[in-house]
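Just so we're clear, the structure is a prediction, and the values are computed from it rather than from any experiment. Labels below follow one simple rule: chain letters A, B, ... track the order of the sequence lines, proteins then strands, and each chain is numbered from 1.
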2 protein chains.
Amino acid sequence: MTTVANGKMTKPVKSLMAIQSEVQSSNRIALSVDCVIFGFDENKLKVLLIRSDLKKYQSKWSLLGDLVGQHEDLDAAAYRILKQRTGLDDVYLEQVHSFGSVSRHPAGRVVTVAYCSLINVRHHKLKILDNELHWHDVQSVTDLAFDHQQIFNACYQWLQKRIQEHPLGFNLLPKKFSLRDLQNLYEAILDTKMDRRNFRKKFFAMDFLIDIDEMEQDVPHRPGKLYKFNYDKYEKKKKKWVGIDF
Amino acid sequence: MTTVANGKMTKPVKSLMAIQSEVQSSNRIALSVDCVIFGFDENKLKVLLIRSDLKKYQSKWSLLGDLVGQHEDLDAAAYRILKQRTGLDDVYLEQVHSFGSVSRHPAGRVVTVAYCSLINVRHHKLKILDNELHWHDVQSVTDLAFDHQQIFNACYQWLQKRIQEHPLGFNLLPKKFSLRDLQNLYEAILDTKMDRRNFRKKFFAMDFLIDIDEMEQDVPHRPGKLYKFNYDKYEKKKKKWVGIDF
DNA sequence: TTTAATTGTGTAAAATATACACAAAGTAAA
DNA sequence: TTTACTTTGTGTATATTTTACACAATTAAA
């Protein structure tokens, strides 16, 4: 039996039969899922963290993770962990990247798969608050336990890209929202300012907003119109993007 | 000990200490890497496959995979497997996605991480040809072993998107190439035709091509100029893309 | 009724993408 | 050596998209 750590040595090509027997015995690795759960509240992008209870990382925050069960699909594990840690289900969840450095976890070899979720803070009250679970401003997230800072950074970057190509953001808003709500969301996630008129023009041109003929309530200024996102239309018109651009 | 397969049940929140002990004992899963190695030759996009030697899949082709060693970084495993199966190293390799259905592999529970590579068929002769390793037209890839068809499809889609946002394609060309070479490459990978003049205009406008003042040789028509890709300039000018577009 | 805040709207200018045709350079064959 | 063939190299007019920017209308609060 050979294992190599640096990828420079070679070993004889092994048949899948040989692999098969290994699968039964040794050569297995602990596998976890870590969830990076983004939310939006008070015009700020937030993320859910818990307090690490490993001595080594006692004062540090960490992502929501757990081991994947032997008989559990990877995606199912992500949904389970989200539910288990927060009490929430029926939310959008997407795999982002796997992290597999040998020494990334102090408890031994653990390869982890990162999943991202976007939830509406106001409309999804957390039902479980163990381990000091709560929302943190993404700006204030530094120095997480393990390699969780790296995982978080990767997920944040992923989110910024993703939200420009897919209408993820609507998951962070109430069903009915104003265009200002929508713009605040994009500005918070992309950490940028946009021109209000051009932003409107862009979204109206996409033609995925349904004017529900209601107005904002209780705002100390002229109220804006409320809209819903037309998911059905989006699914049908989804664009096949071709254009070299780097 | 509880494991759940459907993500609907919950179990008590477990401390990382508890996890730590589990890592030492049971609850480990075989982890593999599968490499989807794309190449380009005769103006066609190719992919490397080997013959599966599992009885159940005896007549089928499969991706280049192997288990990840206990003490081997995930990325290192991908590079090792590529080298082991093909004799090649020093090529671009990127993680794409992990696949973790419980029943995806007949030999038992194996979660696999897919990596993509792009290599120049002409300039990287394969040094190992075990298991009938050879290049297949991507068009002819159907009905792979295990869930490899699904993995391949995901990687092919990933590649099509990736190549429009990053100058990956230059890995598939010789160091010196003509604009026709470049266009053939994009047309093959994106499976589309483009206007020759506009294609040129676009690439010249990017300003990442270095005119090396040489011409094509041995072509039965007016020879084209040869170029190199300016990786340094690209790295510096790399664009921070902001633009909602879906 | 006045002030403060924010919504709703349009247009001109700039940048980018698209469609399209002909002369020039080489090889191959008569 | 001429002619036919193939492919390169180039420019312009048009359409589309993006950007920058200002003022009147609506509401709540003072």
Side-chain angles (χ1 to χ4, degrees), chain A residues 42-43 163-165 167 173-174 176-188 190 192-229 237-246, chain B residues 42-43 163-165 167 173-174 176-188 190 192-229 237-246:
Chain A
E42 296 166 334
N43 287 341
I163 203 167
Q164 293 179 65
E165 295 173 5
L173 294 174
K176 306 167 179 185
F177 51 84
S178 68
L179 273 169
R180 166 52 54 189
D181 293 334
L182 189 59
Q183 186 172 346
N184 285 340
L185 171 64
Y186 274 88
E187 290 184 343
L190 299 178
T192 186
K193 293 284 168 199
M194 300 174 181
D195 180 90
R196 196 165 55 89
R197 279 169 291 186
N198 292 335
F199 184 88
R200 269 163 186 275
K201 209 184 306 178
K202 184 148 221 163
F203 269 92
F204 287 138
M206 283 179 194
D207 208 25
F208 294 136
L209 297 181
I210 303 169
D211 181 343
I212 58 172
D213 210 36
E214 290 180 49
M215 308 296 269
E216 287 179 298
Q217 303 292 327
D218 306 318
V219 285
H221 54 73
R222 175 174 176 177
K225 297 179 95 172
L226 297 178
Y227 299 87
K228 285 198 298 188
F229 185 72
K237 283 181 62 174
K238 226 188 295 201
K239 154 170 174 185
K240 191 186 151 131
W241 185 54
V242 178
I244 300 149
D245 196 18
F246 52 80
Chain B
E42 296 166 335
N43 287 341
I163 204 166
Q164 293 180 65
E165 295 173 5
L173 294 174
K176 307 167 179 185
F177 51 85
S178 68
L179 273 170
R180 167 50 57 187
D181 292 335
L182 189 59
Q183 185 171 345
N184 285 341
L185 171 64
Y186 274 88
E187 291 184 342
L190 299 178
T192 186
K193 292 284 169 198
M194 300 173 181
D195 180 90
R196 196 167 55 90
R197 278 168 292 185
N198 293 334
F199 183 87
R200 267 163 186 274
K201 211 184 306 178
K202 182 151 222 161
F203 270 91
F204 287 137
M206 282 181 196
D207 208 23
F208 295 135
L209 297 181
I210 303 168
D211 181 343
I212 57 171
D213 210 38
E214 289 180 49
M215 308 296 270
E216 287 178 299
Q217 302 293 327
D218 305 319
V219 286
H221 55 74
R222 173 173 178 178
K225 298 179 94 171
L226 297 179
Y227 298 87
K228 286 198 297 187
F229 184 72
K237 284 181 59 173
K238 224 189 296 200
K239 155 169 173 184
K240 191 186 152 131
W241 184 56
V242 178
I244 299 149
D245 195 19
F246 51 80

*First locate atom CG of L226(A), then atom CD1 of I210(A), and finally report the distance between them rounded to the nearest 0.5 Å.*
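With rounding to 0.5 Å, CG (L226(A)) is 13.0 Å from CD1 (I210(A)).
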Could you check how far [atom1] of [X] sits from [atom2] of [N], rounded to whole Å?
| X | N | atom1 | atom2 | answer |
| --- | --- | --- | --- | --- |
| F203(B) | dA17(C) | CZ | P | 12 Å |
| R180(B) | dT6(D) | CZ | P | 15 Å |
| R200(B) | dA17(C) | CZ | P | 18 Å |
| D211(B) | dG9(D) | CG | C1' | 12 Å |
| L226(A) | dT7(C) | CG | P | 12 Å |
| F199(A) | dT9(C) | CZ | C1' | 17 Å |
| Q217(B) | dG26(C) | CD | P | 11 Å |

*asked:* Both D218(A) and E216(B) contact DNA chain D. Which one's nearest nucleotide lies toward the 5' end?
replied: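 The answer here is E216(B).
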_Listed nucleotide nearest any side-chain atom of K225(B), set dG9(D), dT8(D), dG26(C)_ =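 It is dG9(D).
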*Would you call Y227(A) and F203(A) a side-chain contact if the rule is heavy atoms closer than 4.5 Å?*
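Result no, sub-4.5 Å side-chain heavy-atom pair not found.
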*Can you name the side chain to side chain contact (heavy atoms under 4.5 Å, CB included) partners of P167(A), sequence neighbours left out?*
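Partners of P167(A) under the side chain to side chain contact (heavy atoms under 4.5 Å, CB included) test: F170(A), F229(A), Y234(A), F246(B).
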*With sequence neighbours left out, what residues match E42(B) under side chain to side chain contact (heavy atoms under 4.5 Å, CB included)?*
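So E42(B) forms a side chain to side chain contact (heavy atoms under 4.5 Å, CB included) with K46(B), R122(B).
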Return the set of residues passing salt bridge (Lys or Arg N to Asp or Glu O under 4.0 Å) with [X] (not counting sequence neighbours), or none when no residue passes.
| X | result |
| --- | --- |
| K176(A) | E214(A) |
| D207(A) | K233(A) |
| K225(B) | D211(B) |

*Reading nucleotides 14-25 of chain D from the 5' end, what letters show protein touch, with B for base, S for backbone sugar-phosphate only, - for no heavy atom under 4.0 Å?*
-----BBBB--B
*Tell me, please, which residues at least two apart from R200(A) pass side chain to side chain donor-acceptor pair (under 3.5 Å).*
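None.
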*With sequence neighbours excluded, tell me which residues meet side chain to side chain donor-acceptor pair (under 3.5 Å) with K201(B).*
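Partners of K201(B) by the side chain to side chain donor-acceptor pair (under 3.5 Å) criterion, ordered by chain and then number, come out as N198(B).
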Name the pairs: protein N/O against N/O of nucleotides 1-4 of chain C, kept only if under 3.5 Å.
none

